[in-house]
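One structure below.
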Amino acid sequence: MSAPEMSGLMPVEEAMQRLMDLAAAAAPITERVTVALADAQGRVLAEDLVSTLDLPPWPNSAMDGYAMRLADWTGEPLPVSQRIFAGQAPEPLQPGTCARIFTGAPVPEGADCVEMQENAEVQADATVRFLEPLSTGQNIRPKGQETTVGDKVLDAGTVMNPIELGLAATMGFGRVQVVRRARVAVLSTGDELIEPGQPLGPGQIYNSNRVLLCSWLTRLGCEVVDAGILPDNLEKTRAALGSLNNVDLILSTGGVSVGEADFLGHALREEGEIALWKLAIKPGKPLTFGHFRGVPVIGLPGNPASTLVTFALLARPYLLRRLGVQAVKPLQFQVPAAFSWTKPGNRREYLRGRLEQGRLVAYRNQSSGVLRSAAWADGLIEIVEGTTVAEGDLLNFIPLSEVMG
Ligand code: AMP
Ligand code: MG
């Protein structure tokens, strides 16, 4: 039996699989909107983008230089019969001549190589001598080398970021269909919470999860319904959940440990359904998944570092999958540890850490309440349950930049 099974905790992979199944079972977010390409940044593509062009559309020069026919090169200088700039349509190459050509310009019919200007010597009579031997196709970007007509270049479900936008532009798409934005409500639960900017009363702490999640969701292209702070009170919890009936997901933080203040759980049990998962994850562990009058609810643990890790690794992929994104798992890399880990745990740990001289260093304080650990860090260092780590061992590292957008 694995370490989490022995402890009765749900392994991270299983939670992920369940969330993917729940995302597939939920009403899919399929409504499409057509937007100008520049406005598609961060949005999920709703259509396959199939090229109607060959790219490049014609052979073009990769260099500033001279286009010629290899068979015409004898070592003797050649006269220049035309000048071809990018954006011009050339004449066929006259036999026994070369054409002055600039980067990106169409290679004239009849030419089969381009010599860069650095290897050419203009003679007093304006003919050009080529100093190096040439080869067929040299410095020519062939027609269709990137894309040919009918190629599916971007799949529906791709998140459009600057590179994808650029690629869509190369094929001439001025507008694209994207999935409508997901509407996500953010609720912060806790009597102790107060918004930053207000004076702090006795026993109060500032609400950090609200701005963290709202801004993160905005980066993910969601429409955020900021539902503010919810006091630890069943009546108010019920009312708040009930008012959020036109969203795709309610994301709450806090109040999910099975304590007396588990009002989210109470409300879900009364008017919906709830699954309380005890995850083999650290920071994290308690996570609620339920529905309130049909609206999916994810209750994340309240400690800021736990909120961060469970949102990054579980709620974010769930949300992206709801939008039809297939590649929801962040990239991770194997990097040697600069530390050792001698006590195997029964939960998978995600240490907030960073790379220093090619090795992973963990922040000095890994308490789930310490958000500063994540601000210091570049990523999450994964320590698999039941394992120990010796200095130099390879560990998975998930850059935070991977999950922030
Ligand atoms: P809970 O799950 O409600 O017991 O919260 C666990 C811990 O996280 C407690 O110390 C809370 O004060 C803290 N916490 C809960 N929500 C927030 C929040 N929105 N911002 C900062 N800390 C929070
Ligand atoms: Mg609480």
Side-chain angles (χ1 to χ4, degrees), residues 9-10 15 184-220 222 224-241 244 247 249-269 274-290 292 297-316 319 347 349-350 352 363 365-377 400:
L9 300 174
M10 187 191 296
V184 182
V186 175
L187 266 175
S188 315
T189 77
D191 280 340
E192 74 280 30
L193 300 179
I194 184 157
E195 285 307 319
Q198 309 291 314
L200 207 55
Q204 292 183 320
I205 60 164
Y206 288 120
N207 181 2
S208 49
N209 291 338
R210 178 187 189 179
V211 71
L212 182 141
L213 287 178
C214 289
S215 56
W216 199 343
L217 287 161
T218 303
R219 283 181 68 126
L220 292 174
C222 298
V224 179
V225 178
D226 180 355
I229 296 174
L230 187 60
D232 291 318
N233 168 304
L234 182 56
E235 201 51 50
K236 295 207 163 110
T237 303
R238 219 187 266 136
L241 292 175
L244 300 170
V247 297
L249 175 67
I250 298 171
L251 202 54
S252 80
T253 61
V256 288
S257 30
V258 219
E260 280 166 35
D262 175 28
F263 297 104
L264 179 74
H266 277 290
L268 291 178
R269 256 174 236 114
I274 175 172
L276 246 184
W277 299 346
K278 286 207 177 341
L279 304 180
I281 191 170
K282 189 176 177 188
K285 193 162 165 189
L287 189 117
T288 298
F289 190 96
F292 190 82
V297 181
I298 295 182
L300 301 175
N303 274 309
S306 307
T307 302
L308 169 95
V309 167
T310 51
F311 182 81
L313 300 180
L314 297 164
R316 175 186 176 275
L319 195 56
R347 293 190 273 165
E349 301 230 4
Y350 290 95
R352 278 73 69 212
Y363 189 67
N365 185 334
Q366 294 289 330
S367 159
S368 59
V370 176
L371 189 57
R372 198 171 165 187
S373 60
W376 180 89
L400 283 169

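If you read the sequence from its start, that first residue is 1, and numbering goes on from there. We count ligands from 1, going down the list as the structure has it; atoms in each ligand are counted the same way.
The minimum heavy-atom distance between Leu217 and Val186, with the atom names listed, is CD1-CG2, 3.4 Å. Closest approach of Phe292 to Leu268, counting heavy atoms only: CB-CD2, 3.8 Å. Scanning all heavy atoms of the two residues, the minimum distance from Arg352 to Ala305 falls at NH2-CB, 3.8 Å. Closest of all the heavy-atom pairs between Ile274 and Gly265 is CD1-CA, 3.6 Å.
The shortest separation from a heavy atom of Ser208 to ligand 1 is under 4.0 Å, placing the residue in contact.
Checking only distances, Glu192 does come within under 3.5 Å of ligand 1, N or O to N or O. Considering both main-chain and side-chain atoms, Pro304 never comes within under 3.5 Å of ligand 1 through any nitrogen or oxygen pair.
Of the options Thr307, Leu212, Asn209, the smallest heavy-atom separation from atom 17 (C) of ligand 1 is shown by Asn209. Looking at Gly299, Gly302, Gly255, Gly203, it is Gly255 that brings a heavy atom closest to atom 3 (O) of ligand 1.
For the pair Leu371/Leu212, a side-chain contact is recorded, criterion being any heavy-atom separation below 4.5 Å from C-beta on.
Per-residue contacts place Tyr206 under 4.0 angstrom from the following atoms of ligand 1 (heavy atoms of the residue considered): 20 (N), 21 (C). Here is the list of ligand 1 atoms found below 4.0 Å of a heavy atom in Asn207: 18 (C), 19 (N), 20 (N).
A side chain to side chain contact (heavy atoms under 4.5 Å, CB included) with Asn207 holds for exactly one of Val211, Ile205, Asn209; it is Asn209.
Contact annotation: for Ile205 versus ligand 1, heavy atoms closer than 4.0 Å belong to the side chain alone. Of the heavy atoms in Arg210, none comes closer than 4.0 Å to ligand 1.
Using a distance-only test at 3.5 Å, with no hydrogens or angles considered, no donor-acceptor pair links the side chain of Asn303 to the main chain of Ser306.
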